Amino acid sequence: MKTLLYATNCKASTSNALSYAYSLSQKLNATLIVLKVFDLPPYDHAILSKPLENVQKLAKQEQVDMVANFCKEHIGDDLEKMNIRPVARLNQSIIKGILFALKEFQADLLMVGVKGEQSNRGIWASDIAKKLISKASTPVMVIPEYPFRESIQRILYASDYEEMDITGIRRLIPLAKAFDAWIHIIHISEEGEYAATEQMEWFKQILQERVDYDKIKYEIVNSEALFYTLIMQIIENDADIIAMLERNETSFFKGIFHQDLVKKMEDHLMTPLISFNKNII
């Protein structure tokens with residue numbers, strides 16, 4: 001991972017997420033793009049004292065300065081030395097602005113915050129974060145607003161033990177290696193599910209052939225209360241990150257993913273969540 005993109009509205013409530021994003025960028029030796037997408041208020045062309053292009057240019061610089069000051073206030077003054085690049089992009093749509101920036105900077109990971117009480121317009125509106133999970137061309141990390149550990153020791157990957165999960169886990173390896181973290185691959189199996197153990201053994205063999213990383217363990221948990229069980233697994237395993245593939249089709253995990261678990265997780269977030277869009281796998 002060479003470039004991380006963190007989208008923010010520069011509210012004080014998001015300072016913990018910014019700190020977390022910076023910590024990741026330092027550990028991965030990556031450039032951190034801190035992005036604010038903004039829109040101009042309604043205006044009357046007839047009364048503009050300057051050409052519209054100049055107005056937009058001035059507004060953009062003002063927003064860039066806002067992002068830079070936000071970074072300096074919460075993580076440090078020398079942004080260039082810290083490999084942080086504050087940017088602003090004008091777009092009426094927060095989602096489109098972020099997606100365009102992902103392509104522009106060829107980012108390897110998109111990081112966004114969850115909704116806070118102080119937010120109204122912006123990526124902290126949960127429906128926007130959910131749409132980004134579905135549309136982004138990169139993995140999306142959703143970061144909670146309250147304090148949490150910046151050190152990553154355990155990554156919990158909720159798996160179907162299917163082929164697509166292998167690619168998702170491979171994309172986690174650089175992050176796991178940077179922190180020397182365990183990847184705990186868990187499959188929550190409904191009672192009576194056929195051949196779950198055999199599927200896990202097949203998955204384990206294929207993954208070991210394709211991934212050069214030893215700190216991976218596998219587990220099957222039997223439960224009918226799938227969503228509740230996953231929450232309990234996060235707590236019991238003291239997970240620092242939860243990762244999963246967004247999917248809707250029938251599969252081993254159909255009881256969970258039919259209800260869009262990734263997006264439900266964003267609503268009940270207790271720890272940072274990384275989602276892999278199945279369309280980019």
Side-chain angles (χ1 to χ4, degrees), residues 3-26 30-42 56 58-79 82-102 104-105 107 109-136 138-150 240-242 263 265-275:
T3 304
L4 311 183
L5 191 151
Y6 171 62
T8 180
N9 59 3
C10 297
K11 298 288 187 181
S13 60
T14 67
S15 60
N16 289 324
L18 173 65
S19 177
Y20 188 90
Y22 174 62
S23 176
L24 284 189
S25 71
Q26 289 292 286
T31 299
L32 177 62
I33 307 293
V34 182
L35 167 73
K36 186 174 190 294
V37 178
F38 71 99
D39 190 15
L40 294 176
Q56 292 176 338
L58 289 171
K60 181 178 178 181
Q61 186 57 54
E62 182 181 78
Q63 295 293 319
V64 170
D65 292 342
M66 180 187 298
V67 177
N69 291 334
F70 176 65
C71 293
K72 291 176 181 179
E73 179 181 357
H74 295 289
I75 54 178
D77 291 327
D78 196 341
L79 301 186
M82 297 165 71
N83 205 12
I84 295 174
R85 182 177 174 186
V87 299
R89 291 296 179 264
L90 174 62
N91 201 302
Q92 292 181 338
S93 166
I94 294 288
I95 294 172
K96 289 181 179 178
I98 293 173
L99 296 178
F100 285 145
L102 276 178
E104 176 185 353
F105 297 107
L109 176 68
L110 168 63
M111 294 176 284
V112 299
V114 294
K115 184 178 180 180
E117 292 180 0
Q118 301 179 38
S119 65
N120 39 50
R121 179 184 185 267
I123 59 174
W124 289 262
S126 60
D127 60 331
I128 295 179
K130 291 172 183 177
K131 288 177 182 177
L132 285 170
I133 287 174
S134 300
K135 296 182 178 182
T138 67
V140 177
M141 175 180 279
V142 184
I143 306 173
E145 64 176 325
Y146 47 79
F148 41 82
R149 294 189 301 267
E150 294 182 359
D240 299 300
I241 287 180
I242 173 72
K263 294 168 187 173
M265 284 297 303
E266 190 268 335
D267 289 331
H268 297 78
L269 203 59
M270 298 183 296
T271 191
L273 163 70
I274 294 182
S275 168

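Remember, predicted model here, so these are calculated numbers, not experimental data. Heads up: numbering here begins at 1 and tracks the sequence.
Taking the salt bridge (charged side-chain N to carboxylate O under 4.0 Å, His left out) definition, one finds that Arg85 meets it with nothing, sequence neighbours left out. With sequence neighbours left out, Ser23 forms a side-chain contact (heavy atoms from CB on, under 4.5 Å) with Glu150. In terms of the side-chain hydrogen bond (donor to acceptor under 3.5 Å, both in side chains) criterion, residue partners of Thr31 (sequence neighbours excluded) are, by chain and number, Asn83. Listed by chain and residue number, Gln63 satisfy the side-chain hydrogen bond (donor to acceptor under 3.5 Å, both in side chains) test with Lys36 (two or more places apart in sequence, or in another chain). Partners of Tyr22 by ring-ring contact (aromatic ring centres under 6.0 Å, His included), not counting sequence neighbours: none found.
Met111 pairs with exactly one of Leu18, Leu32, Thr8, Val34 by the side chain to side chain contact (heavy atoms under 4.5 Å, CB included) rule, that one being Leu32. Looking at Leu102, Leu109, Ile98, Ile133 one by one, the single match for side chain to side chain contact (heavy atoms under 4.5 Å, CB included) with Val140 turns out to be Ile133.
Among pairs with a residue in residues 61-72, none fulfils salt bridge (charged side-chain N to carboxylate O under 4.0 Å, His left out), at least two apart in sequence or across chains.
Met141 has its side chain out of reach of Tyr6: every pair of non-hydrogen atoms, C-beta onward, lies at least 4.5 Å apart. Residues Gln61 and Val64 form a side-chain contact, since some pair of their non-hydrogen atoms from C-beta on lies under 4.5 Å apart. Using a 4.5 Å heavy-atom threshold, the side chains of Ser275 and Pro139 count as separate. In this structure the side chain of Leu132 reaches within 4.5 angstrom of the side chain of Leu99, judged on heavy atoms.
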Test side-chain contact (heavy atoms from CB on, under 4.5 Å) on Asp78 and Ile84 and set out the steps.
-> CA-CA 9 Å; Asp78 196 341; Ile84 295 174; over 6 Å; no

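Closest approach of Leu5 to Ala107, counting heavy atoms only: CB-CB, 3.9 Å. For the residue pair Ile242 and Thr271, the shortest heavy atom distance occurs at CG2-CG2, 3.7 Å. Scanning all heavy atoms of the two residues, the minimum distance from Leu110 to Ala136 falls at CD2-CB, 4.3 Å. Annotation for Leu4 and Ala30: closest pair CG-CB, 4.1 Å, computed over non-hydrogen atoms. Looking at every heavy atom in both residues, Ser19 comes nearest to Ile75 through CA-CG2, 3.9 Å. Counting all heavy atoms, side chain and backbone alike, Pro86 lies closest to Val67 at CB-CG1, 3.6 Å.
A distance of 11.0 Å separates NZ in Lys131 from NZ in Lys96, rounded to the nearest 0.5 Å. Separation of atoms CZ (Phe105) and OG1 (Thr3) is listed at 9.5 Å; rounding is to 0.5 Å. Expressed to the nearest 0.5 Å, how far CG of Asn91 lies from CG of Leu40 amounts to 11.0 Å. One distance of note links CE of Met82 with OG of Ser25; it measures 8.0 Å at 0.5 Å rounding. For the atom pair Phe70 CZ and Asn9 CG, the distance stands at 7.5 Å (nearest 0.5 Å). For the atom pair CZ (Phe38) and SG (Cys10), the distance works out to 12.0 Å, reported to the nearest 0.5 Å.
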